[in-house]
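Here's the structure, in structure tokens; my notes come after.
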Amino acid sequence: MQKKIIIAMTGLSVLFAGAASAEQQRPKMDPAAMMQHLDANKDGKISKKEFMQGAKQRQAKKGDRSKGKQEGGKRPNMNPEKMFARLDQNKDGVVTKGELAHMAEAHKKPRK
């Protein structure tokens with residue numbers, strides 16, 4: 001479970017915060033910034049539609065350069081549907097700030 005959380009957080013960090021510098025071992029995740037960016041209708045929840053739209057915008061901004069296996073410092077293409085499913089911990093169809101915060105906390109823990 002923790003491995004899935006770490007994978008989801010890493011994907012989100014790449015998806016919305018860009019690649020980490022060589023000095024950082026893990027990208028940082030800011031749940032409040034993600035919520036503000038992705039919650040298009042400002043209802044305090046990120047629907048799957050909002051999440052997928054954010055993923056499309058990020059891909060358009062970054063281009064298609066992240067597809068494939070990790071090579072030359074690039075990360076593999078993350079599947080936004082799988083990431084949303086991991087984030088939506090209670091499976092109610094939306095991601096809340098609390099769920100993002102929970103993932104961020106799990107992401108801070110050292111990898112095993």
Side-chain angles (χ1 to χ4, degrees):
M1 177 71 170
Q2 186 175 6
K3 187 174 182 181
K4 287 181 181 181
I5 291 171
I6 291 171
I7 291 169
M9 295 306 298
T10 301
L12 283 171
S13 297
V14 171
L15 190 60
F16 300 108
S21 70
E23 300 167 282
Q24 297 174 325
Q25 288 187 342
R26 297 173 83 181
K28 293 182 181 178
M29 179 189 167
D30 180 4
M34 287 180 135
M35 181 61 72
Q36 184 177 7
H37 176 73
L38 294 173
D39 185 14
N41 64 1
K42 305 300 180 208
D43 66 350
K45 300 177 265 186
I46 301 168
S47 68
K48 187 172 183 178
K49 183 179 178 180
E50 289 170 323
F51 189 85
M52 298 306 286
Q53 183 62 35
K56 283 182 186 179
Q57 289 173 352
R58 180 67 180 169
Q59 186 176 11
K61 184 177 177 182
K62 285 291 207 178
D64 213 16
R65 64 186 178 152
S66 64
K67 281 196 173 181
K69 295 188 177 193
Q70 190 169 356
E71 57 187 49
K74 296 178 187 171
R75 296 185 184 271
N77 191 27
M78 298 303 228
N79 182 328
E81 290 200 25
K82 288 182 180 178
M83 289 190 314
F84 183 84
R86 287 183 192 123
L87 285 168
D88 184 15
Q89 296 172 339
N90 63 0
K91 307 301 178 208
D92 64 352
V94 294
V95 175
T96 63
K97 190 174 182 179
E99 287 170 320
L100 286 175
H102 182 265
M103 289 290 198
E105 279 301 312
H107 187 65
K108 288 180 183 179
K109 295 178 182 176
R111 292 181 185 175
K112 291 183 180 180

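Values below: every heavy atom of this structure, side chains too, minus hydrogens, waters and symmetry copies. Sequence positions, counted from 1, serve as the residue numbers for this chain.
In this structure, the separation between NE2 on H37 and CD on Q57 is 5.5 Å, given to the nearest 0.5 Å. The structure places CE of M103 at 4.5 Å from CD of Q89, a figure rounded to the nearest 0.5 Å. Here the straight-line distance linking atom CD of E99 with atom CD1 of I46 works out to 9.5 Å at 0.5 Å rounding.
Side chain of D88 to backbone of D92: a donor-acceptor contact under 3.5 angstrom is found. When atom types are taken as modelled, the side chain of K42 and the backbone of Q36 share a donor-acceptor pair closer than 3.5 angstrom. Side-chain N or O atoms of E105 include none that pairs as donor or acceptor with a backbone N or O of H102 at under 3.5 Å.
Within 6.0 Å of the NZ atom in K61, the count of heavy atoms belonging to other residues, nucleotides or ligands does not exceed 12.
Between P80 and M52, the shortest heavy-atom contact is CB-SD, 3.8 Å. The heavy-atom pair separating A40 from E50 by the smallest distance is N-OE2, 3.1 Å. M35 and G44 get closest at one heavy-atom pair: CE-O, 3.8 Å.
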Please walk me through it: do V95 and L38 pass side chain to side chain contact (heavy atoms under 4.5 Å, CB included)? CA-CA 10 Å; V95 175; L38 294 173; over 6 Å; no
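Checked against F51 for a side-chain contact (heavy atoms from CB on, under 4.5 Å), the options D39, V94, L87 give a single hit: L87.
For E81 and K48, the salt-bridge test passes: some basic side-chain N is under 4.0 Å from an acidic carboxylate O.
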